[in-house]
Amino acid sequence: MYMTAREQKLLKHLLLQSRYVTVTELAELMEVSTRTIHRELKSIKPLMETVGLTLDKQPGKGLKAVGSPEDKQKLLTDLSYEQHEYSADERKLLILCSLLESQEPVKLYSLAHDLQVTNATVSYDLDELEKWISPFGLTLIRKRGFGIQLIGPENAKRKIVGNLIVNRLDIQMFLEAVELNIKGKADSSEKMFGVVSKGELLKMERILFQLKEKIAFSLSDSSYIALVVHLTFAIERIQLGETITMEQNELEELKNAKEYSSALEIAGELERAFSVTIPEAEVGYITIHLRSANRKYKTEYKAQEIELETALQTKRLIAFISDKIRMDLTKNYSLYEGLIAHLEPAVSRIKENIEIYNPMKEQIKRDYFLLYMAIEEGVEKYFPGMSFSDDEIAFIVLHFGSALEIKKEEAKVKALVVCSSGIGSSKMLASRLKKELPEIESFDMSSLIELKGREVQSYDMIVSTVPIPYENIDYIMVSPLLNEEDANQVKQYIKRKIPLILEKNRSPKEEAQQADVPDMLAASESMGRYMAVIQDVLRHFTLTHIKTKPDHSMLLSELFQQLKEDGLIRDPKKAAVCLAEREKQGGLGIPGTNMALYHLKNDEIVLPFFKMYDLSTSYEVNGMDGNTLNMTRILVMMAPGSLSAEGSEILSAISSAIIESSESMAGFQEEGEQELYQRLNRIFFTWMKEKNVP
């Protein structure tokens, strides 16, 4: 019985569940599409039937493996003996673990044999692994007859193990090992997380568990397990004679941290338990780990211990996001408290270049795309000089997302349901929506022809069973029966629209209460800055055709040379280098399109502008969601480093408009120069109306 690694993981998950599991939940677990899950289910269903098991499907509930516990256990046992097909990333992790563990060079053929792949495959994996470990200051020695050896400072090896653990952390596996140990069934020689022996790990866990109350540190489950693994690895390295070093001034600074006394307490206990001497630098490193660890929500939060700078930055971030989504969250103390509990250790993690893994990152990006972009902009503005990873930003988004979920109860959504005739399927869909989505307060129904005469702006959302052929109508298309996937799609749509719906539903009295008379001199100066940027953008907007170059740097070079000739940038080489650096931080391709948004704020830029370029052939680039896409159109948005806040707001209005709807994305993707100019015109007109400019 041969199965791929993904099929094994999917089948094991189903066998271990006693409840129904939805396809969407399985897709999120496996980090694949629901379509892929349906395909994999077709493969594993016959395998289940060979041992007397069936796969029960219940509409609205999901899937469940049905059969006797004995048959389930038999199949689980068979799976444990199956030859495992490792993914490329899994192979790299296993190779890295082998190199970390070995004191001697490891032979290429030995790695190939263990992984059951060819020497050429391992050689390619090593090429990729070198790129992976390089940022940590580690290198590989690879010589014929010598083998492969990992070279670099001990500090770097510890750091990469920390990141390795974070990305492979399996809380369930850890707890199962502890449970087996309690029952006397644990194999103490087995390696856990690929780098530490299970026996030593469990001994470390017992020590820290006893210390938890005494030294009063309260970490989240994942941070606690990561600390256990980190300390176990550190002890094993100390026993091998490997210790880390630390600059004296950095150590002195750590001694002033509130976590240092806890680190000293831990170090003293470990010295007694493992008969080792732990140097000060190791205590400093434990302090760093404690400072960087996520706390249990509200447990470790003490207002008097929070850094004033972090508190101010957090308040400014909340105010910034409130302004962006047009919903006041500044008085939401629970949001502030939760953010502080996350951001203080997050700042420490970023300073120490410690990664955090967020398994829900891609889903969060999809569900809260606009909020994600706003927070990305906010942390860049209010935490200057700090590079927040996508995983960190996704965690911050969750805090704001939770606040929006609470606000959702205040939103009374008014929906318009559309079908080709306006009867039958629209009523069927309305009935299903009412059942699945109680937040939708009222429904109206319309045919496609009637839709032309409707005031569509008066509805919070339009749900249709057919494509709507009219321009400038934002809608979501689903099946009349509203299957599980459709229902989730509508829920996420509402989630994204909640700030706009709440803003729209505010009463005139509320608006009047919140309106203040501004300083008209300052207001007019500010409006002048807005208008100046709008004029710059519209005057210089063009759609140009350029020939695709075989090399990315050549393409950027030609692009910037044209911009120099247009008088929009000063030094094309410097600007191209800056953009290339920006691109390294994350993909610029807009998911679901053939476009990329090249944006840059730099002193080499003369004035704010927005231009578009069509390529002669498609060009592969990294997308904002981490996937690659074939780009045929480049959107270039750039501004001087000294651009005013008003100017930034104007350019943000364009970037927001690009991805605000599928219609908008399609327009930016397909329209010609005159149509796009009019689109920009409408964006600015809408913005002026929202600003109450006559």
May I ask you to test the [X]-[Y] pair for a side-chain heavy-atom distance under 4.5 Å?
X: Leu75; Y: Leu47; result: no
X: Met461; Y: Val490; result: yes
X: Leu129; Y: Trp132; result: yes
X: Phe388; Y: Ile396; result: yes
X: Leu111; Y: Val106; result: yes
X: Val21; Y: Leu63; result: no
X: Glu663; Y: Asp474; result: no

Determine the minimum heavy-atom distance between [X] and [Y], stating which atoms define it.
X: Ala273; Y: Lys203; value: O-NZ, 3.2 Å
X: Leu629; Y: Met595; value: CD1-O, 3.9 Å
X: Tyr109; Y: Asn119; value: CA-OD1, 3.8 Å
X: Lys72; Y: Leu15; value: CD-O, 3.9 Å
X: Ala65; Y: Met48; value: CB-CE, 3.6 Å
X: Lys365; Y: Asp390; value: NZ-OD2, 3.0 Å

More than 12 heavy atoms of other groups within 6.0 Å of Tyr20 OH:
yes

As a quick check of understanding, evaluate side chain to side chain contact (heavy atoms under 4.5 Å, CB included) for Leu41 and Leu10, giving each step before the final call.
CA-CA 8 Å; Leu41 289 170; Leu10 180 59; 4.2 Å; yes

What distance separates [X] [atom1] from [Y] [atom2], expressed to the nearest 0.5 Å?
X: Ile95; Y: Asp125; atom1: CD1; atom2: CG; result: 4.5 Å
X: Ile321; Y: His399; atom1: CD1; atom2: NE2; result: 13.5 Å
X: Arg19; Y: Glu25; atom1: CZ; atom2: CD; result: 4.0 Å
X: Leu11; Y: Leu16; atom1: CG; atom2: CG; result: 9.5 Å
X: Leu126; Y: Leu96; atom1: CG; atom2: CG; result: 10.5 Å
X: Leu335; Y: Ile340; atom1: CG; atom2: CD1; result: 10.5 Å

Would the distance check show the side chain of Asp460 and the main-chain N or O of Ala415 forming a donor-acceptor pair, the cut-off being under 3.5 Å?
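No: the side chain of Asp460 does not pair with the backbone of Ala415.
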
Output yes when a side-chain donor or acceptor of Tyr475 lies under 3.5 Å from a complementary backbone atom of Ile468, and no otherwise.
yes

Could you go step by step and tell me if Asn630 and Asn594 meet the side chain to side chain contact (heavy atoms under 4.5 Å, CB included) rule?
CA-CA 6 Å; Asn630 290 316; Asn594 57 14; 5.9 Å; no

